[in-house]
There are 2 protein chains.
Amino acid sequence: MTILRSPAGIPDATVARLPLYLRALDELAERGTDVCSSEHLATAAGVNSAIVRKDLSHLGSYGTRGVGYDVRFLAGHIATVVGQTQPWPVVIVGAGHLGSALAAYQGFGARGVKVAAVVDADPDLVGTVVGGHEVRSIDTLSDVIEHGEVSLAIIATPPAAAQSVADALVAAGITSILNFAPTALQVPDAVDLRQVDVAAELQILGYHAHRRQAEPAEEAVLS
Amino acid sequence: MTILRSPAGIPDATVARLPLYLRALDELAERGTDVCSSEHLATAAGVNSAIVRKDLSHLGSYGTRGVGYDVRFLAGHIATVVGQTQPWPVVIVGAGHLGSALAAYQGFGARGVKVAAVVDADPDLVGTVVGGHEVRSIDTLSDVIEHGEVSLAIIATPPAAAQSVADALVAAGITSILNFAPTALQVPDAVDLRQVDVAAELQILGYHAHRRQAEPAEEAVLS
DNA sequence: CGTTGTGAAATAATTCACAGCA
DNA sequence: TGCTGTGAATTATTTCACAACG
């Protein structure tokens, strides 16, 4: 009796890659590929094959030795593990350039994300429509969250407003926040917070570019 | 004779946090804080103090025992290490919702990033102005890169176009790419590639949210 | 004193290498 | 034969804990 266990302790690094595998598998399925090897999936996801096999081993054994993985079956299984059997409703706080861009993003649907509402504090923006969503007042935030069964929130406000928005979200019962504002938010331990900082990403690239031009020949050291 | 060494082997994890420290230090400086402890900086950056001290130790010793770090001096030093003594010119490829939002983003200046140009393949967008930048044809990409001394590029195109854009960027001599398109790009080893995938971030949050609601009481296990 | 800077210990993630199986 | 699944080895990162020092 094999138990289809919902595997308890999946390493964080693995969890962070599962969405990449899912995306890669969906692409492969679209192209009509029914079966793929760990090598194949690794290329499609942009990682190496050893890590693919190790990661998938945390979910249980779903491959066939000498053959590979059933693309659709594996995609379905990963979707189940990440809780993506039905779309996650998400509220976007902030209808500025970035918030609007996210609200208009067509790619969410295929990735199990559904924009439930867009809210903003600016009265001039309330009532306008971005990406097919009418912008509501931020005062309706708790209503939106409770009635919409929303459990994920995106903060796309200026940094100065981000902390109070986070506080309001937490007060309304949100436990998962994706923050685009370049500021370190203070939230309770029980709240899961992830950060996207575009400028920081560019600075990291800048560090390496800087080093490349400073020390052109370091191959010897790297052996 | 203390050598102001440009420290050779800074761990990747540390490099990824330097921009956060820089941001936090700039905020502290604005508020008139002259000196801060590792604890203080840790809170402002959203990490813990042990990691701050360990990270900073990789850059050399710039603190004063019993006192802390000079905010401005440390900020300047980190800026030097990440090569941010003068702004990095960046080209944004793709003037859709996201590309426009990035082009209009006001926060880049303070973080050492300067938008040098915005290009797009769509003739209808060429000539329009987004965030103060006239959108140029993607055919001018290599000119833009060579004349603007651009070394960083942001890909904000639909996934289907991303690989050919990446190829063009690499051909034009770009060695640092920040990719927003949800697809695994194939680039030479010498090219530094970072990925931002919003849907993937949400799926990671979804995984944890999913587990939380599936297993409400796991405190005992975590001891 | 109070806080840094850092070895040493603990933990986490990746890579290797190959037995085991379809 | 070819590819998975996985222990073992390696490497990276975080955390601890405290001596050193302004």
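Labels below follow one simple rule: chain letters A, B, ... track the order of the sequence lines, proteins then strands, and each chain is numbered from 1.
Listed pair Tyr62(A) / dC3(D) fails the phosphate criterion, with no side-chain N or O lying under 4.0 Å from OP1 or OP2. Between Tyr69(B) and dG22(D), a side-chain N or O to OP1/OP2 separation shorter than 4.0 Å is absent. In this model, the phosphate group of dT4(C) is approached by a side-chain N or O of Ser38(B) to a distance below 4.0 Å at OP1 or OP2.
The closest side-chain heavy-atom distance from Leu22(A) to Gln84(A) is below 4.5 Å.
In terms of modelled atom types and a separation under 3.5 Å, the side chain of His77(A) and the main chain of Leu59(A) share a donor-acceptor contact.
Applying the salt bridge (charged side-chain N to carboxylate O under 4.0 Å, His left out) rule to pairs touching residues 43-63 of chain A yields Arg17(A)-Asp55(A), sequence neighbours excluded.
In terms of heavy-atom proximity, Ile155(B) sits nearest to Leu185(B) at CD1-CD1, 3.7 Å. Here the shortest heavy-atom pairing between Ala45(B) and Ala184(A) reads C-CB, 3.8 Å.
As rounded to whole Å, 16 Å separates atom P of dT3(C) from atom CG of Asp70(B). Between Leu56(A) atom CG and dC3(D) atom P there is a gap of 16 Å when expressed in whole angstrom units. A straight line from NE2 of His40(B) to P of dT4(C) spans 12 Å, rounded to a whole angstrom.
Ring geometry for His210(A) versus Trp88(B): interplanar angle over 60°, hence perpendicular rather than tilted (30 to 60°).
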Worksheet item: Going 5' to 3' along nucleotides 13-22 of chain C, which nucleotides have protein heavy atoms under 4.0 Å from the base (write B), which only from the sugar-phosphate (write S), and which from neither (write -)?
Response: SSB-B-BBBB
